[in-house]
Amino acid sequence: MNDQTSKKVITRFAPSPTGHLHIGGARTAIFCWLMARHFGGKFLLRIEDTDIERSRQEYTESILSSMRWLKLDWDDEPVFQRGRFYIYDKNIERLLESGHAYWCACSPEEVETMRERARAAGEKPRYDGRCRNLHLGPGPGRVVRLAAPMAGRIEFTDMAKGRLSFDASELDDMVLRRADGAPTYNFSVVVDDIAMNVSHVLRGDDHVNNTPRQILIYRALGADLPVFGHVPMILGPDRQKLSKRHGAKAVIEYEKDGLLPEALVNYLVRLGWSQGDKEIFSREELVAAFNGKNLSGSPAAFDPEKLLWVNARHLREAKPEDILPLLLPFLEEAGAPMRDRTLLLGAISLFQPRARTLKDLAEQMRTLLIAADELHYDGEILALLGTEGCGHLVCLGGKIDELPDFCPETLHQCLRAYVEERGVKFKAVGQAMRIALLGSVNGPDLAGAMAILGKDEVRNRLDRTLAQFSAATNHI
RNA sequence: GUCCCCAUCGUCUAGUCGGCCCAGGACAACGGCCUUUCACGCCGUCAACAGCGGUUCGAAUCCGCUUGGGGACGCCA
């Protein structure tokens with residue numbers, strides 16, 4: 001970083017609405033957002049919808065909704081390039097007048113031939129600039145091209161990659177305005193970044209090669225350069241370009257899988273950025289720590305396992321009341337009936353440390369929340385329970401009836417006392433109770449679970465288990 | 001093909017201007033402890049400076065080459 005950060009930091013995220021917000025785009029957005037929030041600047045949004053064929057309104061909405069879910073709030077109204085064609089045209093006029101651009105009458109086929117020829121000659125495929133000095137005017141099928149310098153070096157310092165240098169001879173006279181009047185990507189980006197006063201352009205690695213071209217446009221337009229930062233792409237676990245089969249999905253899918261936005265943000269930021277050995281960051285910690293330094297220059301592979309681990313950490317540390325609203329849809333999906341708030345909060349804190357995702361949490365909580373008659377005990381589980389287990393259930397049922405209250409401490413003592421006086425292993429009693437109460441040999445702390453179920457429900461489940469057990473054994 | 005970028009454990013990474021690194025943390029794996037089962041947690045094990053040349057008293061750190069990977073070469077973004 002340099003003295004340019006002393007100016008107001010303005011970053012922007014500029015997705016094109018041709019798909020949902022995916023992992024790579026989300027990380028770029030997070031970096032931009034963090035940068036702006038860290039320096040107290042602005043984070044702007046621009047929808048690059050100049051490709052009329054592929055842009056879809058529903059994707060714009062999906063992207064915005066994923067941004068909101070990630071809690072990446074933007075400043076000002078989003079800018080839509082679709083509505084700014086007149087501005088691009090005005091800038092085209094300027095460049096035409098100043099001699100930085102010219103009309104070209106070559107057909108796409110002709111240009112393609114030139115490229116093939118260059119490629120065959122072992123050069124970089126490029127347009128040869130044959131219309132540059134023809135002083136053509138507008139006409140059907142004609143495009144406007146930049147009169148790029150033929151020689152020299154184009155250099156800039158990148159936030160992630162350091163000093164970068166390109167030879168001007170590598171670049172050809174790129175199209176700025178298409179035959180249909182639409183601006184090309186490189187042109188609209190520069191015009192808009194200038195208009196929006198963007199100070200720091202953070203984007204994917206795949207744009208490095210566009211940067212020297214864009215710098216040429218900045219120069220032609222007589223504008224100051226922003227600071228560029230090209231963050232390396234995210235690769236699949238097999239180190240190939242990220243795609244759906246890697247389990248790298250759109251942000252919206254992670255939302256559906258029950259990830260916490262904080263966790264996704266945390267994980268994604270750590271892909272290509274680090275702060276010593278620190279792994280788990282709260283949003284506030286990220287804002288405080290992220291200053292655009294320590295960006296990695298090399299690509300990172302996406303690891304779903306670690307994502308899950310990060311999520312589990314955030315889930316475990318979150319307050320139940322913060323989790324509850326996010327959990328509601330998952331409880332419904334899991335078929336768990338709604339219960340009162342206190343009960344739900346209690347259940348959350350009971351299961352919280354053992355769940356990796358909200359979906360996971362909801363499914364685990366379900367066994368506690370559903371009505372007793374929905375609990376299913378299969379033959380295998382009942383066999384595990386055995387006559388001895390049933391004996392425990394009967395005795396404990398009696399003990400429980402006499403309890404003065406039904407709080408975890410009392411229940412815990414009750415269980416302990418029972419084990420003590422019977423001289424049996426807690427393990428055996430615990431398993432029997434767990435089978436009766438949860439229909440499973442695994443689960444959370446028994447006293448905690450019982451307290452949440454309440455006395456009636458515990459009784460209910462004990463009776464029901466015993467009934468099913470005797471029914472099953474009578475059949476044999 | 002041409003240009004650009006990258007290169008530390010399987011993965012994410014630490015490693016400020018070369019010595020404190022026979023390389024640290026985390027995920028995963030494996031082993032153990034804890035325990036009321038499963039988790040959680042705790043402890044430990046396995047595991048890397050791509051290769052080759054330089055520069056230097058000394059290099060994971062600087063330079064070059066090689067190899068490997070990625071990206072870009074559109075009237076897509």
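The structure displayed is predicted, hence computed values, not measured ones. Every chain is numbered from 1, with letters handed out A, B, ... down the list of sequences. Keep in mind that the numbers below use all heavy atoms, side chains included, and drop hydrogens, waters and symmetry copies.
Listed by residue number, A:His412, A:Arg416, A:Phe426, A:Lys427 are the residues of residues 411-430 of chain A with a heavy-atom contact under 4.0 Å to RNA chain B.
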Check the interface with nucleotides 10-12 of chain B: list each N/O to N/O pair with the protein under 3.5 Å, or write none.
residue : atom : partner  : partner atom : Å
B:C12   : OP1  : A:Arg239 : NH1          : 2.9
B:C12   : OP1  : A:Ala301 : N            : 2.8
B:C12   : O2'  : A:Arg270 : O            : 3.1

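Rounded to whole Å, the C1' atom of B:A50 lies 16 Å from the corresponding atom of B:U61. Between B:C22 and B:A48, the two C1' atoms lie 13 Å apart (nearest whole Å).
For B:G71, the base has no donor-acceptor partner in the side chain of A:Asp205 [N/O atoms by modelled type, under 3.5 angstrom]. At a cut-off of 3.5 angstrom, counting only N and O atoms as typed in the model, there is a donor on one side and an acceptor on the other between the side-chain of A:Arg434 and the base of B:U36. Residue A:Asn210 places a side-chain atom within donor-acceptor reach of the base of B:A77, judged by atom type and a 3.5 Å distance cut-off alone.
Between the CE atom of A:Met233 and the CZ atom of A:Phe302 there is a distance of 14.5 Å, given to the nearest 0.5 Å. Atom NE2 of residue A:His314 and atom CH2 of residue A:Trp309 lie 8.5 Å apart, to the nearest 0.5 angstrom.
Here the two rings, on A:His392 and A:Tyr418, have centers that are under 6.0 Å apart. Aromatic pair A:His22/A:Tyr254: ring centres not closer than 6.0 Å. Between A:Trp273 and A:Phe31, the distance separating the two ring centers is not shorter than 6.0 angstrom.
Atom pair A:Leu308:CG and B:A39:C1' shows a separation of 14 Å (rounding to whole Å applied).
Out of B:C5, B:C3, B:U37, the shortest distance to the side chain of A:Arg354 is found at B:U37. Of all nucleotides listed (B:A14, B:G74, B:U36), B:U36 comes nearest to the side chain of A:Asp445.
If you find the closest nucleotide of RNA chain B to A:Arg316 and to A:His207, the one lying nearer the 5' end belongs to A:Arg316.
Residue A:Arg115 places none of its side-chain N or O atoms closer than 4.0 Å to OP1 or OP2 of B:U2.
Evaluation of the salt bridge (charged side-chain N to carboxylate O under 4.0 Å, His left out) test over residues 145-162 of chain A, restricted to residues two or more places apart or in two chains, returns A:Arg153-A:Asp167, A:Glu155-A:Arg163, A:Lys161-A:Asp205.
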